[in-house]
Protein chains: 2
Amino acid sequence: MARPTRPSAGDRPTSFDIAELAGVSQPTVSRALRGDKTVSERTRMRIEAIAQQLNYKVDRAASSLRRGEVKTLALLFFEDPLPDGSNINPFFLAMLGSILKTCSQRGYDLLTSFQRWSADWHVDYEDARRADGLILLGYGDWEDYRARVEQLVAQRTRFVRWGAPSGVGTTIGCDNVAGGRAAGEHLIERGCRSIAYIGEASHHYPEFRDRYAGLAQALRTAGLPVDPRLHVDALSVEQKGYEAVQRLLARGITFDAVFCASDLIALGAMRALNEAGRSVPGDVALVGFDDIPAASHTHPPLTTVAQDYGRGGAELVDTLIRQIEGEATHDLLLPSRLVVRASA
Amino acid sequence: MARPTRPSAGDRPTSFDIAELAGVSQPTVSRALRGDKTVSERTRMRIEAIAQQLNYKVDRAASSLRRGEVKTLALLFFEDPLPDGSNINPFFLAMLGSILKTCSQRGYDLLTSFQRWSADWHVDYEDARRADGLILLGYGDWEDYRARVEQLVAQRTRFVRWGAPSGVGTTIGCDNVAGGRAAGEHLIERGCRSIAYIGEASHHYPEFRDRYAGLAQALRTAGLPVDPRLHVDALSVEQKGYEAVQRLLARGITFDAVFCASDLIALGAMRALNEAGRSVPGDVALVGFDDIPAASHTHPPLTTVAQDYGRGGAELVDTLIRQIEGEATHDLLLPSRLVVRASA
DNA sequence: CGCGCGTGTGAATACGTATGCTGCGCGCTT
DNA sequence: AAGCGCGCAGCATACGTATTCACACGCGCG
């Protein structure tokens, strides 16, 4: 290739073809198209015209090989969808949109992968130079997740994660404490005095823990007790929310509100309350978290805490790119927002 | 690089490093790791052990450059999400899951992009060798879409599209006619005699057209008239469904059922019917199409026609890969399935 | 009038992998 | 005993781009 061979055998035009047509050398073509200032305006225009005409596009593989970066980010989702892939967590999908958009604006491609579905390590992406950096969403098993994240840090992989800041890696997330507090304050304002909480409150799911902490803050501020018997553990799945309310009812404790750590839980909770003959919001007020699309279609429409996915996705991408470019990056907490509908 | 230089300056191990440690040449390493039978079992084992130990991974860019294929598919979505990316068509998301899974199983990466968000042509993906083939989902403006698809055919790009077979490119889709017919038959069985249809019925959206055609078949088979006054055009957006029902009501025609070309339309229709004091399914039976997640959370839960997204995504990927491998590929029509809930 | 400098371009080469061809040694055929 | 085929591995090189270095030219200045 170093020799001025004419490699344009038959197919795709190369920079050599453009060079020949423009009467310049291949390096000049490369420089011109990358906007190098050492190429004269006249030459550049000529080269660009020819490139356009031949529909020439820089070969991504060759360019990546030479430059050592692939201009691609990888999005890894740590959660098990159903086998047919139908039941993807809505939050993921909401974030995907803004991530894609921001990537596109910044000139990066986006690879997507479900961690459980890839045969090999998640770190493969960076090892094989398939991506310049990683975006981590969700986490199935917290212990496993944490171990993997620490490994990423150890091998200096560039990545950002969405969630609650936990000291490991750069983290972007919404203010779950404030969100939980807002939900609690709203319920208290509405006159609720016994607010149940459904969701993890332990360290396994830092985000859920923070939402619970926010609720507890609101209760204390209002001078209300934080009753552990009003707390039921549940994973973020509709069915688990349903079962959690049944357990709560079985305890025989009175409650006039339920704050659910996620909308999926809230959907299940609403179903269970309906079946038990408790009207929402008449007998029991209900607040969720996430503002998934289905939240506005429930009956009654679900009051919930919205995370700013649009901004979240953009910040994830921008932060990661800054990190790839060598900057030090920091955790970021985005505001959450109470969406008042009819369930409280 | 041809010379036995030791390029392992500092960073990532290369096949030369493995070769040196294993006491063989670089080509032998390459062959061993690709499973070439001309490498003896003993040598291969040794090389694999060393590669594993050094956490060596084949450099994707170099490999792609040499082999001329990138082992990557690109998913292009032709539809405008809201600016913040929050409101992505649920059908897209449902399909994404199974596409990702199948890609992963077949050893392909997946690039995702919204056509409107990429500055350059959609064809860039193949031109720049960023992907070996394209998957096309959705289409905003049919004329524009069709022109682009024809261009893809002209330049021999390998691609598959989801939708109604229309003679251009390989198309995978669900049987929209059968789905529409099933919806119609169900409504007729339930005693409905004046079935309104909301959605495009023209050539602009072939899938919608087919759904309408299916409904018409069912009506004719039952000896019922196909009344054009019972048809209202609407794009697949909640708000448009809402407005369509209002227009329908304004016409003053009686109807005892509405078949919506999509669930999003049906959501809007349900809202409009509720506001107009028509109970569902008491006064008006309602059937949608798509079975989006929100469909089961409406009040009453929406009866709808489900497309097999799980199989659809898998077929899209497998068909595309076959095409990339040089096979001739054919259109495929997947069965649709009526999901009976409470709205009819 | 010679020297240096800035501007624009070409020559050579590196990036890491994959593969066609060559070569070597060994066992087996005739 | 000479030749032949086969199993295995090395040599050289191609893939297409980006960058470093060298160089030619023109111009101003001393």
Side-chain angles (χ1 to χ4, degrees), chain A residues 1-20 22-47 51 54 56-71 127-130 132, chain B residues 1-47 51 54-71 127-130 132:
Chain A
M1 194 81 317
R3 264 149 298 172
T5 332
R6 277 286 282 99
S8 90
D11 254 356
R12 272 166 53 85
T14 74
S15 51
F16 281 94
D17 298 312
I18 312 295
E20 182 164 325
V24 296
S25 68
Q26 177 270 332
T28 300
V29 172
S30 174
R31 279 191 276 252
L33 296 179
R34 309 206 84 236
D36 191 312
K37 291 146 290 173
T38 74
V39 175
S40 74
E41 185 68 8
R42 245 171 49 83
T43 310
R44 194 177 57 70
M45 300 278 280
R46 189 155 34 99
I47 290 173
L54 266 65
Y56 167 80
K57 294 285 167 10
V58 173
D59 183 304
R60 201 74 172 216
S63 177
S64 298
L65 173 59
R66 177 59 228 249
R67 309 200 316 168
E69 61 172 4
V70 292
K71 282 289 178 184
D127 288 346
R129 276 215 206 292
R130 292 202 272 172
D132 300 316
Chain B
M1 193 79 322
R3 265 148 297 173
T5 332
R6 276 283 285 101
S8 91
D11 255 357
R12 271 165 54 85
T14 73
S15 50
F16 282 93
D17 298 311
I18 312 294
E20 183 164 325
L21 288 173
V24 297
S25 69
Q26 176 270 331
T28 301
V29 172
S30 173
R31 279 191 273 254
L33 296 179
R34 308 206 85 236
D36 190 315
K37 290 147 288 174
T38 74
V39 176
S40 75
E41 184 68 9
R42 246 171 47 84
T43 309
R44 194 177 56 72
M45 298 280 280
R46 190 156 34 100
I47 289 174
L54 265 65
N55 198 25
Y56 168 80
K57 294 284 168 10
V58 173
D59 185 302
R60 199 75 172 215
S63 178
S64 298
L65 173 59
R66 176 59 227 248
R67 308 202 317 169
E69 61 172 2
V70 292
K71 282 286 177 187
D127 287 346
R129 276 218 206 291
R130 292 201 271 171
D132 300 315

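Numbered from 1 within each chain, the chains take letters A, B, ... in sequence-line order.
Residue-level contact check: Val24(A) touches the backbone only, with heavy atoms under 4.0 Å from sugar-phosphate atoms and none from bases. Among the protein residues, Thr43(B) comes within range of the sugar-phosphate backbone only, with heavy atoms under 4.0 Å from sugar or phosphate atoms but none that close to a base. As judged by a 4.0 angstrom heavy-atom cut-off over every strand, Thr38(A) is placed among the base-contacting residues. Looking at heavy-atom distances under 4.0 Å, Ser30(A) makes contact with a base. Among the atoms of the strands shown, only primed sugar atoms or phosphate atoms (P, OP1, OP2) are found under 4.0 Å from some heavy atom of Val39(B).
With hydrogens and angles disregarded, no donor-acceptor distance shorter than 3.5 Å links the side chain of Arg46(A) to the backbone of Gly23(A).
For Arg31(B) against dG20(C), a side-chain-to-base donor-acceptor contact under 3.5 Å is present. Side-chain atoms of Arg66(A) and base atoms of dT17(C) include no donor and acceptor less than 3.5 Å apart.
Nearest-nucleotide mapping onto DNA chain D: of Asp59(A) and Ser40(B), the residue sitting toward the 5' end is Ser40(B). Mapping Pro27(B) and Leu65(B) onto DNA chain C via the closest heavy atom, the residue that lands nearer the 5' end is Leu65(B). Across the interface with DNA chain D, nearest-nucleotide mapping of Glu41(B) and Arg129(B) shows Glu41(B) to be the residue nearer the 5′ end.
A distance of 9.0 Å separates CD in Gln26(B) from CZ in Arg31(B), rounded to the nearest 0.5 Å.
Separating the NZ atom of Lys57(B) from the P atom of dG16(C) is a distance of 17 Å, rounded to the nearest angstrom.
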